[in-house]
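Remarks on the structure that follows.
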Amino acid sequence: MSDFGLYTYQQEVVERALKRENIIIWLPTGGGKTRAAVYVAKKHLETTPNAKVMVLVNKVHLVDQHYNKEFEPHLGLRYAVRKVSGESDEKDFFGLVVQESDVVICTAQILYNALINKEEARHVELSDITLLIIDECHHTHKESVYNKVMRLYVEKKLKGEKPLPQILGLTASPGTGGIFCPGMTATWQKLGPASNHKYMFFFEDPFGDHLKSMMTIIHGYMDIPPDFKLRECGTQEYEADVVVLEQRGVRDNNRLLAQCALHLRQYNDALLINDTLRMIDAYRSLEEYYSTKSTKAIDGTDFFLLGLFEENQVELRNLAMDSRFENPKMDELQRTLLQQFGSGVPSRGILFSKTRKSTHCLKDWVLKNRALKDAGIKADILTGAGNGITYMTQNEQAETIRSFRMGSLNLLISTSVAEEGLDIPECNLVVRYGLLTNEIAQQQASGRARAKNSQYAVVAQAGGREHRRERINEYLEELTGKAIDRVQRMSHHEFYLKVIELQQKAIISSKIEESCKMEKRRSNTASNIQFLCRNCFTPVASGSDIQLVDNTQYVNVSPDFKNHYKAAERVILERSFEDWEPGCRIRCKKCDKEWGFEIKYKKHVLMPNLAIKNFALETPKGRITVKKWKDVPFTVEDFDYEEYCQENFPDLFD
C-alpha cells in the first residue's frame, strides 16, 4: 500500500474492505477517508471481474471535488471514471453512462432515481454495481435519499436476491442516532485538536428584557388556549411552541392565534440573535420583518401587531445603540480571535455560526472592528449553495475557498456547510459560536482544526444552552466509541443475527408507514380537498387542480387559479432544466402571502408551481397543514402534457 501513499492507520482501516466485507471507515475530518476509499476501489477494480464502482455523495459540489481531487487523478489513466449530478446532461441517460464506465461518482438522488426509473436509458439495477461507496454515510437515516437507496438494498438482501454490491461507508462522525446499515462493521481511528472552551456569565440585557415585555403583551392579546403552556422566551423550545400554536390557529380557523404565533416567532428569533450577536443585529431583523408588513394588514390582528412594533420601535433602536449593554460574548470572541491572529504566527481559522443571517452579521462586525483589522484578519462568508439573497452559488463557494487556500482570506465565517465534505485547507483555529448542534456536527467542526498546535474553541455562556449541549455532545461522542467497540467484540454469528433482526424491523416499519400513508390518501378524493391561503384563509383551489410534472413540480392546472394570485419578481436559478424554466414568484392577491413561482413548461405552457407549506388543506375530517407534498391526504395525478394542450389550446388540434 505504500506505493499509494497510505499512512499506517489508513492501511489498517481498509483491511476488512479488501476482504470484501461491508464496513464503515470512521476517520476524523482530514484523516484521509476518501484516499482510503480510492485505494479500495483500485484494488476492487483490479481483482473483480466486470467491476463497477459507484461513489455516492450527498451534495452536488462533492461530485466535482471527489472526481477532480482523488478518483480521476488516481484511477483515470487505467479506468473510465465519470461524474454525474443533477446539473449535468448525463443524468438523462444515466443507465448508459453506468454501462460504459468503470467508476461513477454521483449524487445519491441520481442513483435512486435510476433505481426506480424503468426507462432503459436511465435505469440501473443494484446488481449492476459491484462496489458502492457512500460518502458521509452518517446521513443514512430517516427519509434521506441515502436511506432510500439502502432500503432497496436491504429488501433485496432479505429476499436472498444476488448479486449485490459490497458496501463501503465513510464518515468522520457516525453519531448516536443510528445508521440504517446493510450489515457493516465499523473500523475507526480517533484523532483531534486541542480543545479550548470559553464560557461567559450572565449579563445585563435591557434590550432583551424590552422584547420579552412586548411578547408578554402579545400573549395577553392572543388568548392562549388554557391547555397550552409556552416555555421560556428566547429558546428553541419556545420557537417549537409557537410553531405548534400557529398550526393550531390555522386548523381551528383562528387567525388571531395563528398570526400572533408567527409574530412571536420573529421576536423569539430576535432574542436568539441578541443572545449571540449585537443588539443592533437583533433590532434590524425585526425592522426588516415589519418593513414588509405595513402594506399587508387585512384585519384588526394585523393592525395590533404592526402598531405594537411601531410604538416601541424608537425605544428598541435606542437600546440597541447603547454600547453599555453590548453582548460580552462578542468581546470574548474578539479575544479568542486576537489570541490566534495577533500572535504573529500565520493563521487560518473557521468561525462556525448557526444561520446564514448570523454569518452576515459576524462579517459586518469583523470588518468594522479596528482591533481585528489591525491583527490582519481578512474574513468572508461561506454558506450553503441555493437561491436567494443569503445563499451562495457554487461558483461563489469555490472562489471563497480558493481565496482562503491562497491566503487572500484567512478567516471563514461559515454555517455547517464547512463542517464536512468541502476541500478546505488545514486550520489552526476553529471556533464554534452560539451553536446548538449534535455530536456529529461537533466532531465534524473540531476535525477542521488539524494544523500543528491548532485550537478548537467554544464561546458560550456558563451554564447556558450551548454549554450544556457541548457537554452532552462530548458524552455522546464517548458513547459512540463504546458502542462501536462493543459491536467489534461481537462474534461473527452474533453480529450477523443482530443485523438481520434490525434490518427486518426497519423494512417492516417502513412498509407499515407507507401503507398508512396510502390508506390516508385513498380515504380522500382530490376533489374533496380544498386549498386555502395559509395567511388569510381564503379558499383558492381544489385538490383536483393539482398535478405532478416530471415527478418534481406540483402545479395548479386550473385556468381559474390565476384569479387568486399576482406575479411578483422573477426567480433566478443558477442551473437550467431540461423541460422547464422558472418564471415569476406568485403571491396571494388578498394578503400578499408568497405561494411559489410560475414555471414555463416545454417553452410555452405557463403554470404556477406551489409550495404546499404556504397553504392549509380543508379535508372532510377538518383543516390540516403539511410541510411536504408527500404528506398530502390525497393522490396527486401525473401531468399529461398532450391532454393539457388539447383542453387549453383546442384550436391547435382542429
Side-chain angles (χ1 to χ4, degrees), residues 211-212 214-272 285-286 288-312 529-541 543 564-566 585-596 610-629 631-633:
L211 289 179
K212 290 176 182 177
M214 295 171 67
M215 295 168 78
T216 301
I217 292 173
I218 299 175
H219 292 163
Y221 180 81
M222 69 193 294
D223 192 19
I224 298 172
D227 62 338
F228 198 92
K229 184 174 177 60
L230 287 167
R231 284 170 285 187
E232 182 184 357
C233 296
T235 65
Q236 291 182 337
E237 290 79 12
Y238 182 91
E239 179 179 320
D241 289 342
V242 292
V243 167
V244 171
L245 273 182
E246 188 272 339
Q247 294 169 345
R248 184 164 173 172
V250 172
R251 289 198 307 269
D252 296 345
N253 198 32
N254 186 343
R255 190 171 184 276
L256 167 65
L257 184 65
Q259 288 302 304
C260 286
L262 285 174
H263 285 250
L264 285 171
R265 184 172 183 180
Q266 296 299 320
Y267 281 101
N268 196 66
D269 283 348
L271 283 173
L272 290 170
S285 73
L286 283 174
E288 180 182 346
Y289 177 73
Y290 280 99
S291 68
T292 65
K293 293 292 181 182
S294 57
T295 60
K296 302 174 185 176
I298 61 174
D299 64 15
T301 298
D302 295 330
F303 287 113
F304 164 77
L305 293 167
L306 180 61
L308 179 65
F309 176 74
E310 290 178 342
E311 290 169 9
N312 289 272
I529 306 298
Q530 191 174 45
F531 278 57
L532 285 68
C533 173
R534 186 158 179 165
N535 184 59
C536 63
F537 300 168
T538 301
V540 295
H564 296 288
Y565 75 82
K566 57 186 177 182
R585 297 192 189 280
I586 61 172
R587 300 180 182 275
C588 175
K589 270 189 177 178
K590 181 176 180 180
C591 70
D592 216 35
K593 172 75 173 176
E594 185 174 328
W595 286 348
L610 306 182
I612 189 61
K613 66 180 181 179
N614 295 327
F615 296 88
L617 304 180
E618 197 74 71
T619 77
K621 295 183 179 179
R623 190 177 298 179
I624 64 171
T625 59
V626 296
K627 290 183 179 180
K628 298 181 179 180
W629 278 102
D631 297 320
V632 297

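This one's a predicted model, so the numbers in the text were calculated from it and none came from an experiment.
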As a quick check of understanding, evaluate side chain to side chain contact (heavy atoms under 4.5 Å, CB included) for C233 and L271, giving each step before the final call. CA-CA 8 Å; C233 296; L271 283 173; 3.9 Å; yes
Rounded to the nearest 0.5 Å, how far apart are [atom1] of [X] and [atom2] of [Y]?
{"X": "F537", "Y": "R255", "atom1": "CZ", "atom2": "CZ", "value": "7.0 Å"}
{"X": "I624", "Y": "E618", "atom1": "CD1", "atom2": "CD", "value": "9.5 Å"}
{"X": "Q266", "Y": "Y289", "atom1": "CD", "atom2": "OH", "value": "5.0 Å"}
{"X": "L256", "Y": "D299", "atom1": "CG", "atom2": "CG", "value": "8.5 Å"}
{"X": "N254", "Y": "R623", "atom1": "CG", "atom2": "CZ", "value": "10.5 Å"}
{"X": "T301", "Y": "L306", "atom1": "OG1", "atom2": "CG", "value": "12.5 Å"}

Between K613 and D631, is there a salt bridge with N-O shorter than 4.0 Å? no
Which heavy atom of [X] sits nearest to which heavy atom of [Y], and what is that distance?
{"X": "F228", "Y": "L245", "answer": "CE2-CG, 3.7 Å"}
{"X": "A240", "Y": "R231", "answer": "CB-NH2, 4.3 Å"}
{"X": "A261", "Y": "M222", "answer": "N-CE, 4.1 Å"}
{"X": "G596", "Y": "N614", "answer": "N-ND2, 4.4 Å"}
{"X": "K566", "Y": "C588", "answer": "CE-O, 3.9 Å"}
{"X": "C533", "Y": "W595", "answer": "SG-NE1, 3.6 Å"}

Applying salt bridge (Lys or Arg N to Asp or Glu O under 4.0 Å) between D592 and each of R585, K296, K293, report the one that passes. K296
Given E246, which partner from the list R265, R534, R251 fulfils the salt bridge (Lys or Arg N to Asp or Glu O under 4.0 Å) test? R534
When you measure from the side chain of [X] to the backbone N and O of [Y], does any donor-acceptor pair fall under 3.5 Å?
{"X": "D269", "Y": "L272", "answer": "no"}
{"X": "D241", "Y": "L230", "answer": "no"}
{"X": "N268", "Y": "T235", "answer": "yes"}

Can you find a heavy atom in the side chain of [X] that is under 4.5 Å from one in the side chain of [Y]?
{"X": "P633", "Y": "L617", "result": "yes"}
{"X": "F309", "Y": "H263", "result": "no"}
{"X": "Y238", "Y": "L264", "result": "yes"}
{"X": "R248", "Y": "P225", "result": "yes"}
{"X": "L305", "Y": "I218", "result": "yes"}
{"X": "F615", "Y": "V626", "result": "no"}
{"X": "L286", "Y": "L211", "result": "yes"}

Give a yes or no on this: more than 12 heavy atoms of other residues, nucleotides or ligands lie within 6.0 Å of atom CD of E594. yes
Donor + acceptor pair across side chains of Q259, N535 (<3.5 Å): yes
Applying side chain to side chain contact (heavy atoms under 4.5 Å, CB included) to K589 and T538, what does each step give before you reach the verdict? CA-CA 10 Å; K589 270 189 177 178; T538 301; over 6 Å; no
Relative to each other, are the rings of Y221 and F304 parallel, tilted or perpendicular (30° and 60° limits)? parallel
